[in-house]
Amino acid sequence: MMIGMLGFWLLALAVVIVGVRSVQRPESRPSARQILDTRLASGDIDQQQHRELVAALTKQ
C-alpha cells in the first residue's frame, strides 16, 4: 500500500514537472520575415522578390 502511494506521488510529481517545462519553452519557429531574409541571403530569391514579399507581409 505504501509503495503504491509513493509511486502515485512520484508519477504526479513527474507530470507536473513535464507540464511546467513544456509551458516554459518558447516556440523557436522563425517568423515569415526571418525566412525571407534567410532565402535572400542564400540566393533563393533576389532583392526584388524579397521586397515584394515583405510588402505583401506588411499589408496583412
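Numbering of residues begins at 1 and proceeds along the displayed sequence. These figures come from a predicted structure and were not determined experimentally. Note that these values count all heavy atoms, side chains included, but never hydrogens, waters or copies made by symmetry.
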Student: Using the test side-chain hydrogen bond (donor to acceptor under 3.5 Å, both in side chains), find all partners of Q48 that sit at least two apart in sequence or belong to another chain.
Tutor: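 R51, E52.
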
Student: Say you draw a straight line from CD1 of I35 to CG of L57; how long is it, rounded to the nearest 0.5 Å?
Tutor: 9.5 Å

Student: Should we count CG of L10 as having more than 12 external heavy atoms under 6.0 Å?
Tutor: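 Yes, the 6.0 Å shell around CG holds more than 12 heavy atoms from other groups.
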
Student: How is the hydrophobic cluster of L13 composed, in terms of its other members, when Ile, Leu, Val, Met, Phe, Trp and Tyr link through side-chain heavy atoms under 4.5 Å apart, directly or indirectly?
Tutor: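 Reading the cluster by chain and number, L13 sits alongside I17.
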
Student: Starting from M5 and following side-chain heavy-atom contacts under 4.5 Å between hydrophobic residues (I, L, V, M, F, W, Y), which residues can be reached?
Tutor: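 Besides M5, the hydrophobic cluster comprises F8, W9, listed by chain and residue number.
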
Student: Could you identify which residues cluster with V15, counting Ile, Leu, Val, Met, Phe, Trp and Tyr as linked when any side-chain heavy atoms lie under 4.5 Å apart, either directly or through a chain of such contacts?
Tutor: none

Student: Can you list the residues that meet the side-chain hydrogen bond (donor to acceptor under 3.5 Å, both in side chains) rule with R39, with sequence neighbours excluded?
Tutor: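 Result, side-chain hydrogen bond (donor to acceptor under 3.5 Å, both in side chains) vs R39: none returned.
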
Student: Do the side chains of D37 and H50 get nearer than 4.5 Å, heavy atoms only?
Tutor: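 Yes; the side chains approach each other to less than 4.5 Å.
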
Student: Return the CZ to OG1 distance between R33 and T58, rounded to the nearest 0.5 Å.
Tutor: 9.0 Å

Student: According to side-chain hydrogen bond (donor to acceptor under 3.5 Å, both in side chains), who are the partners of D44, at least two apart in sequence or on a separate chain?
Tutor: S42

Student: Mind listing the closest non-hydrogen atom pair of I45 and L53 along with its distance?
Tutor: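 Here I45 and L53 meet closest at CD1-CD1, 4.3 Å.
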
